[in-house]
Amino acid sequence: MKVLIVGSGGREHAIATSVAKSPRVDKIYCAPGNAGIGQIAECVPIGAMEFDKIVAFAKENAIDLTIVGMDDPLVGGLIDELEKEGLRAFGPRKNAAILEGSKAFSKDLMKKYNIPTAAYENFDNPDEAIAYLETATFPIVLKADGLALGKGVLICNTLEEAKEGVKSIMMDKAFGTAGNRMVIEEFMTGREVSVLSYVDGKTIKTMTSAQDHKRAMDGDQGLNTGGMGTFSPSPFYTAQVDEFCKKYIYQATVDAMAAEGREFKGIIFFGLMLTPNGPRVLEYNARFGDPEAQVVLPRMKNDIIEVMEACIDGKLDEVDLQFEDNAAVCVVLASDGYPVKYDKGLEIRGLENFTGKDGYYCFHAGTKLDGDKIVTNGGRVLGVTAKGATLQEARANAYAATEWVDFDNKYMRHDIGKAIDEA
Ligand code: AMP
Ligand code: GLY
């Protein structure tokens with residue numbers, strides 16, 4: 001079969017790597033892809049938001065399955081556009097992708113269906129938000145309602161900071177129309193865990209857990225980023241935590257969406273915080289995490305195409321989802337200056353060192369071909385992933401492999417997975 005993947009990051013490279021392992025797949029296309037994806041797929045110069053072109057390409061090339069990796073096209077309704085033309089596509093329709101697309105929607109859903117999350121209020125009006133803050137306890141969390149590249153969350157320690165935050169989100173529109181509405185919620189403490197799951201509208205099967213490192217610098221200092229590294233599984237995601245989440249969060253979310261007439265098919269990513277009062281949902285995403293996908297997918301034993309088709313056909317209950325009994329760590333190699341300002345177009349050397357190395361992956365996040373060279377083309381450049389029998393071994397392997405590649409401006413965190421030692 002012929003598969004089209006929509007997206008261009010490390011997540012899409014990890015998805016493409018899994019798809020390439022399926023014996024059922026003859027040909028992979030990626031729109032728009034990157035230099036690494038181009039080694040296993042044919043990249044086509046169509047942007048992820050160019051819906052008409054994607055649909056036309058899928059029709060002309062008789063694509064059997066389109067996999068949408070990114071949040072923007074999902075929230076914008078790309079799945080609906082493909083389905084209208086009778087094309088098979090993996091991901092939630094627009095009316096279900098709102099689970100990620102609107103934080104106000106997801107908070108209201110959790111409240112209505114008693115799914116554990118932080119206490120909150122939604123606001124359309126900045127004056128009302130400020131009046132509410134006058135009587136609130138601090139720290140407090142402000143969230144732009146819509147998609148904001150993971151940056152629309154402000155943790156405010158004082159009333160002054162929070163007032164500035166409301167101004168920046170709702171009046172100055174620092175995150176564009178994402179800030180037309182805002183959620184103000186209780187500040188929670190605890191460890192964060194990412195749990196990704198496959199969903200077919202009724203049945204949910206969770207994948208192995210992972211933990212991301214969102215801050216740019218060691219010791220969780222610096223600005224929030226898309227993610228600087230991950231490890232899987234999380235030793236803090238115990239059997240007891242899993243039991244709680246199965247009872248109160250996972251199936252409850254799928255059932256809530258169905259009850260609202262918003263049947264969810266695709267990936268639900270549960271961003272959880274393990275608070276002293278038990279697990280709480282921090283956020284939902286309607287797609288694989290990036291870089292969570294880079295540590296979770298290499299450990300999945302199943303044929304990803306079979307699992308995705310089961311989701312589309314409502315037959316996920318027939319799938320026995322299995323993960324390897326090992327661990328993986330991903331260290332992101334970024335361009336120094338990310339997430340603010342950084343150079344692009346720098347030559348990447350040593351990529352060939354990954355060829356034929358079992359259990360090692362060099363996922364491309366921001367790269368492109370420049371003549372016969374591969375150059376940097378984004379803030380997050382590569383995701384170096386390694387497996388190991390234990391988390392400690394996987395981490396040592398991943399850091400060793402970060403030395404195999406080089407580019408001017410190469411920057412990474414040196415404490416990815418440090419928390420493992422505290423477990
Ligand atoms: P989100 O995009 O909602 O996951 O938020 C980004 C990050 O902000 C999370 O990964 C947390 O580290 C932090 N955060 C979000 N909501 C809260 C909260 N209610 N309490 C404490 N930290 C939070
Ligand atoms: N790594 C977090 C995300 O993909 O949203």
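Remember, it's 1-based here, ligands and their atoms both numbered in the order they're listed.
With Thr117 as the partner, the side-chain hydrogen bond (donor to acceptor under 3.5 Å, both in side chains) test is satisfied by one option alone out of Lys107, Glu185, Glu186, Glu283: Lys107. Shown are Tyr361, Trp404, Tyr360; of these, the ring-ring contact (aromatic ring centres under 6.0 Å, His included) with Phe354 is made only by Trp404.
For Arg11, no heavy-atom contact with ligand 2 is shorter than 4.0 Å. Residue Lys214 touches ligand 1 through its side chain alone, judged by heavy-atom distances below 4.0 Å. Contacts between Glu192 and ligand 2, counted as non-hydrogen atom pairs separated by less than 4.0 Å, are absent for every part of the residue. At a heavy-atom distance under 4.0 Å, only side-chain atoms of Ile155, from C-beta outward, approach ligand 1. When non-hydrogen atoms are compared, ligand 2 lies under 4.0 Å from the side chain of Asn285 (C-beta onward) but not from its backbone.
Nearest to atom 2 (C) of ligand 2 among the protein's heavy atoms is Asp212 OD2, 3.5 Å. At the top of the distance list for atom 21 (C) of ligand 1, counting protein heavy atoms only, stands Met188 O, 3.1 Å.
The N/O atoms of Glu185, backbone and side chain alike, include one that comes under 3.5 Å of an N/O atom in ligand 1. Residue contacts with ligand 2: Glu283 is placed with no nitrogen or oxygen under 3.5 Å of a nitrogen or oxygen of the ligand (distance criterion only). Looking at Ala118 next to ligand 1, no N or O pair under 3.5 Å apart turns up.
The heavy atom nearest to atom 15 (C) of ligand 1, out of those in Lys143, Lys103, Glu283, is found in Lys143.
Using a 30° and 60° split on the angle between ring planes, Tyr132 and Phe123 fall in the tilted class, from 30° to 60°.
With contacts defined as side-chain heavy-atom distances shorter than 4.5 Å, the pair Ser197/Ile267 does not qualify.
Between the Arg380 side chain and the Gly227 main chain, a donor and an acceptor come within less than 3.5 Å of each other.
Ion pairing of Asp415 with Arg413 is present here, as a side-chain N (NZ or NE/NH1/NH2) and a carboxylate O approach within less than 4.0 Å.
Side-chain polar atoms of Tyr248 and Glu243 form no donor-acceptor pair below 3.5 angstrom.
Assignment of Gly227 to the shell around ligand 2 is not supported, since no heavy atom sits closer than 4.0 Å.
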